[in-house]
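Everything on this sheet refers to the single structure shown next.
These numbers come from the heavy atoms of this one structure, side chains and all, not from hydrogens, waters or symmetry mates. Throughout, numbering of the chain's residues begins at 1 and tracks the sequence. Computed from a prediction, not measured in an experiment: that's the story for all the values here.
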Amino acid sequence: MASSSFVRITVLIWADILTAYALFVMMQYLTNVWKLNFTHAAAIVNVFSGVATIMPIGMAFLVDAFMGDYWMLLLSSLAYSFGLSFLAMSTPHVLPDAAKNCDAHKPDCIGDAQKFLFYTALVLIAIGISGHITSLESFLEQQKENQTSAQENSEKPKLMPRQVAGSLFVVLLAIVGCIALPYIKPWSVRFGIPAICTVVATFIFTTGSCSYRGSRPPGSPLTTLCRVFVASASKMFRHLPPNDIQEPYTRSLRCLDKAAIEVQTQNQEQIEQSRWKLCTREEVEDTKRLIRMIPMWMTFIMCGVVISIGNTYFLDQANDMNRKVGELKVPLPIFKFFYDLVKDKFHKKYVKLTEKLMIPGRCVPPFGIFVAMLFSILCCITAAGVETRRLDMIRRHLLLDKPNDSNEKIPMSMFWLLPQFLLLGAVEGMANFSIDQFFINQAPASMSRYLKLFRHGVIGAGAVGSVLSVYVVGKFSERGGRTNWFQDTLNKSRLDNYYWTLTVLSCINLFLYILVALQYTYRDPPNKDAD
């Protein structure tokens with residue numbers, strides 16, 4: 001029974017992998033079919049991905065306070081299914097008669113009905129992604145715990161064949177999404193296949209509703225944070241007790257210590273009932289610990305800005321370059337395959353290196369974040385150099401005024417972009433691992449559920465911030481009557497200058513990170529196991 005539950009939940013992961021490859025080329029769809037300006041298309045993609053990775057923090061609050069993992073997973077899977085279905089229906093080939101439009105892949109064939117379906121789809125897909133980030137892993141862990149407890153009486157736990165097959169199927173889906181899916185030309189089918197798979201996966205998941213092991217919502221630690229602020233604000237004009245009576249655990253942020261002051265005019269029953277007027281010392285200290293992490297948290301956002309250029313500007317560059325190896329036309333998602341490969345493997349090499357060098361456990365995450373920021377600088381430098389070469393090839397072959405719908409490609413292999421994709425994969429891999437470990441080591445134990453969600457929120461904030469950075473850099477570049485670096489087409493733009501700007505900003509951010517990291521007081525890891 002437990003193995004069946006495992007498979008029913010795992011199918012959602014399979015559908016997510018296939019969907020990720022389909023959405024990876026969203027930039028290509030918006031520029032080739034909708035004929036949007038590449039900065040407009042990148043803004044849509046980055047806001048979508050940023051919001052989808054910021055929302056899990058709020059959704060985790062709903063899970064802990066009201067819903068539980070099962071209901072969050074069910075509702076988000078339904079939203080995912082409807083969203084992907086609407087996305088497939090928003091393409092020109094679907095419902096042209098009902099929308100009273102043509103069915104060609106042209107902007108004129110995209111009417112108000114298609115735009116409404118498209119943007120509604122993005123909202124629903126963002127909810128689906130957020131819900132899966134929030135609850136899929138934790139709900140799967142609950143079922144694994146159920147299976148482990150059922151096997152406690154056996155001499156040796158067995159690795160279920162379905163679990164082995166599931167792992168192999170994940171690899172197969174990555175190959176299908178990377179190689180097979182991009183060769184499907186109609187976008188309605190390319191988006192429709194993941195939609196069908198997600199609908200089927202959601203249906204399979206619901207068939208096991210009676211067999212899943214669940215737990216009641218335990219209450220959110222975010223509520224505790226709010227209680228500390230409310231309690232301290234309600235006693236704003238009260239004085240702290242003398243140090244010899246109530247010594248604070250830490251000397252900083254002493255204004256929050258007032259949340260633990262007992263009001264003498266209240267009896268014991270009133271104190272126990274008023275949870276928003278009195279907090280424990282541990283709750284106050286946990287809140288202080290999170291607040292002290294905010295300066296470090298802010299320095300991580302720049303990594304998200306750099307990561308966001310991978311599936312937007314990098315892909316748009318590759319789209320106009322020579323994609324052939326001999327007679328074979330290589331699909332763009334091949335970059336995602338290598339990107340994910342480096343992202344998953346690089347941080348493991350880093351962990352082995354730190355173990356050989358016997359670096360203290362509390363120093364591993366901050367140094368890993370330093371390495372991630374260093375790689376982000378190298379990635380931007382590499383991207384700027386490659387873009388300068390690409391623009392030079394455009395001028396030499398008189399392709400500067402090439403129309404967007406032209407089939408003529410720049411005589412430069414798209415694999416020139418592979419090094420920057422690999423560096424970007426190393427950035428995300430190191431950032432994900434190191435930021436996760438930093439939160440695990442430094443955040444209160446009560447916030448354990450939110451640790452990875454904080455990292456997703458940091459990267460998502462960077463993705464949204466990249467939209468603002470493009471706007472600000474564009475406005476700054478046209479000062480004094482100069483030409484804006486971001487023009488209607490990629491070939492007329494100076495994306496290399498933007499990459500150099502990101503290089504400078506990343507260097508400044510690295511300097512600020514070093515200053516903040518040196519001032520931060522680190523706690524020892526809760527255990528010696530390095531994930």
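- Judged by distance alone, the side chains of Thr198 and Ser81 never bring a donor and an acceptor atom under 3.5 Å apart.
- Under the 6.0 Å cut-off for aromatic ring centres, Phe314 and Phe335 do not qualify, their centroids lying 6.0 Å or more apart.
- Closest of all the heavy-atom pairs between Thr19 and Pro194 is OG1-CB, 3.8 Å.
- Classification of Arg389 and Asp392 as a salt-bridged pair fails, no side-chain N sitting under 4.0 Å from a carboxylate O.
- Residues satisfying the ring pair (Phe, Tyr, Trp, His ring centres under 6.0 Å) test with Phe370, not counting sequence neighbours, are Phe367.
- Between the side chain of Thr31 and the main chain of Gln28, a donor-acceptor pair closer than 3.5 Å is present.
- Summarising the geometry of Leu451 relative to Asp436, their closest heavy-atom pair is O-OD1, 4.2 Å, with the distance given to 0.1 Å.
- Legend: residues meeting side-chain contact (heavy atoms from CB on, under 4.5 Å) with Pro56, ordered by chain and number and at least two apart, are Ser130, Ile133, Thr134, Leu453.
- Annotation for Ala15 and Ala201: closest pair CB-CB, 4.0 Å, computed over non-hydrogen atoms.
- Distance check: Thr503 OG1 to Tyr498 OH gives 10.5 Å after rounding to the nearest 0.5 Å.
- A distance-only check finds a donor-acceptor pair linking the side chain of Tyr513 to the backbone of Pro366 [under 3.5 Å].
- For Tyr29, the side-chain hydrogen bond (donor to acceptor under 3.5 Å, both in side chains) criterion is met by Trp34, not counting sequence neighbours.
- A donor-acceptor contact shorter than 3.5 Å links the side chain of Gln114 to the backbone of Gly111.
- Listed by first and then second residue, the salt bridge (Lys or Arg N to Asp or Glu O under 4.0 Å) pairs involving residues 73-82 amount to none (not counting sequence neighbours).
- For Glu478, the side-chain contact (heavy atoms from CB on, under 4.5 Å) partners are Lys475, Asn484, not counting sequence neighbours.
- No donor-acceptor distance shorter than 3.5 angstrom exists from the side chain of Tyr350 to the backbone of Val371, with no hydrogens or angles considered.
- Taking a 6.0 Å sphere around CE of Met393, one finds it holds more than 12 heavy atoms contributed by other residues, nucleotides or ligands.
- Annotation: the span from Lys492 atom NZ to Leu391 atom CG amounts to 13.5 Å, rounded to 0.5 Å.
- Checked against ring pair (Phe, Tyr, Trp, His ring centres under 6.0 Å), Phe205 has the following partners two or more places apart in sequence or in another chain: Tyr70, Tyr212.
- Residue pairs meeting the salt bridge (Lys or Arg N to Asp or Glu O under 4.0 Å) criterion with at least one partner in residues 363-385, sequence neighbours excluded, do not occur; the list is empty.
- Residues Asn37 and Thr39 have side chains that bring a donor and an acceptor to within less than 3.5 angstrom of each other.
- Using a 4.5 Å cut-off on side-chain heavy atoms (C-beta onward), Phe48 and Ile129 make contact.
- Glu355 and Lys352 are not joined by a salt bridge, as no carboxylate oxygen comes within less than 4.0 angstrom of a charged side-chain nitrogen.
- Here the side chain of Asn509 pairs a donor or acceptor atom with the backbone of Thr299 at under 3.5 angstrom.
- In this model, no donor atom of one side chain and acceptor atom of the other lie less than 3.5 Å apart for Ser477 and Arg482.
- In this structure Asn322 satisfies the side-chain contact (heavy atoms from CB on, under 4.5 Å) test together with Lys324, sequence neighbours excluded.
- Donor-acceptor pairing under 3.5 Å is recorded for the side chains of Asp16 and His132.
- Residue-environment remark: CZ (Phe82) stays at or below the threshold of 12 foreign heavy atoms within 6.0 Å.
- In this structure, Lys452 fails the cation-pi test against Phe439, since its NZ or CZ atom is not both closer than 6.0 Å to the six-membered ring centre and inside 45 degrees of the ring normal.
- With no hydrogens or angles considered, a side-chain donor-acceptor pair links Ser466 and Asn46 at under 3.5 Å.
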Mind listing the side-chain donor-acceptor pairs of residues 411-418 below 3.5 Å, one per line with the distance, residues two or more places apart or on another chain?
unit_1: Ser413; atom_1: OG; unit_2: Phe415; atom_2: N; d: 3.2

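- With sequence neighbours left out, Tyr313 forms a side-chain hydrogen bond (donor to acceptor under 3.5 Å, both in side chains) with no residue at all.
- Shown here for Val25 and Pro333, the closest heavy-atom pair between the two residues is CG1-CG, 4.0 Å.
- Residues satisfying the ring pair (Phe, Tyr, Trp, His ring centres under 6.0 Å) criterion with Phe346, sequence neighbours excluded, are Phe375.
- For the side-chain contact (heavy atoms from CB on, under 4.5 Å) test, residues two or more places apart in sequence or in another chain that qualify with Val123 are Ile127.
- Across every non-hydrogen atom of Ala60 and Arg449, the tightest pair is CB-NE, 4.1 Å.
- For the pair Ile459 and Thr53, the minimum side-chain heavy-atom distance is 4.5 Å or more.
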